[in-house]
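Presented below is the structure to which this report refers.
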Amino acid sequence: MSDVFEGYERQYRELSANLSRKCNSASAIQDSEQKKQKFSEISSGIDEVDVLIRKMDLEARSLQLGVKATLLAKLREYKADLNKLKKEFKRITSPNANQAAHDELLASGMADVNSVISLDLGC
């Protein structure tokens with residue numbers, strides 16, 4: 001495996017764990033200024049992880065085929081984890097957390113409805 005990729009991977013794990021802790025602790029903060037500060041830190045961290053994943057992607061694609069496939073599979077997992085963090089951040093920063101959950105359920109329900117409509121119409 002690439003030493004560069006492994007270095008990025010260590011950074012990713014550290015940042016990801018740190019962001020998860022910050023997201024969990026942010027919901028308990030009552031002071032609005034402290035909460036804004038924590039949200040700002042989380043947002044910056046998410047951006048940093050996003051950039052890191054792009055660097056990992058470039059590094060993985062520059063390697064030989066066998067190694068490349070393994071690393072790209074890991075990257076897919078990391079991207080999925082990042083998307084979970086983004087969803088969690090969106091949920092906790094929503095003015096009404098229940099509304100965000102409600103909207104997410106509606107969005108997934110509409111996807112199901114659209115797929116049923118497509119099947120019924122033979123699309």
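Counting from 1, the numbers follow the sequence of the chain as shown. Predicted, not measured: the structure shown is a model, and the values here were computed from it.
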Indicate yes or no: at least one non-hydrogen side-chain atom of [X] is less than 4.5 angstrom from one of [Y].
{"X": "E48", "Y": "V51", "value": "no"}
{"X": "F89", "Y": "L85", "value": "no"}
{"X": "I92", "Y": "C23", "value": "yes"}
{"X": "Y12", "Y": "D81", "value": "yes"}

Straight-line distance of [X] [atom1] to [Y] [atom2], nearest 0.5 Å:
{"X": "L58", "Y": "Y8", "atom1": "CG", "atom2": "OH", "value": "8.5 Å"}
{"X": "K22", "Y": "N18", "atom1": "NZ", "atom2": "CG", "value": "4.5 Å"}
{"X": "Q11", "Y": "E6", "atom1": "CD", "atom2": "CD", "value": "13.0 Å"}
{"X": "S43", "Y": "K86", "atom1": "OG", "atom2": "NZ", "value": "10.0 Å"}
{"X": "K90", "Y": "I46", "atom1": "NZ", "atom2": "CD1", "value": "12.0 Å"}
{"X": "D57", "Y": "R76", "atom1": "CG", "atom2": "CZ", "value": "10.5 Å"}

Verdict with supporting geometry, L72 and R61, side-chain contact (heavy atoms from CB on, under 4.5 Å): CA-CA 8 Å; L72 289 176; R61 291 178 189 282; 4.2 Å; yes

Backbone N/O of E41 and side chain of S44: donor-acceptor pair under 3.5 Å: no

Test item: S20 side-chain N/O and S16 main-chain N/O as donor-acceptor pair under 3.5 Å: yes

Shared hydrophobic cluster for I42 and I29 (ILVMFWY, side-chain gaps under 4.5 Å): no

Carboxylate-amine/guanidinium contact E77 K74, below 4.0 Å: no

Presence of salt bridge, K55 and E59, under 4.0 angstrom: no

Trace of the side-chain contact (heavy atoms from CB on, under 4.5 Å) decision for R10 with F5: CA-CA 9 Å; R10 277 191 297 278; F5 189 90; over 6 Å; no

Closest contact, heavy atoms only, K35 versus A26: CE-O, 3.3 Å

Any side-chain donor near an acceptor of the partner, E33 and Q37, under 3.5 Å: no

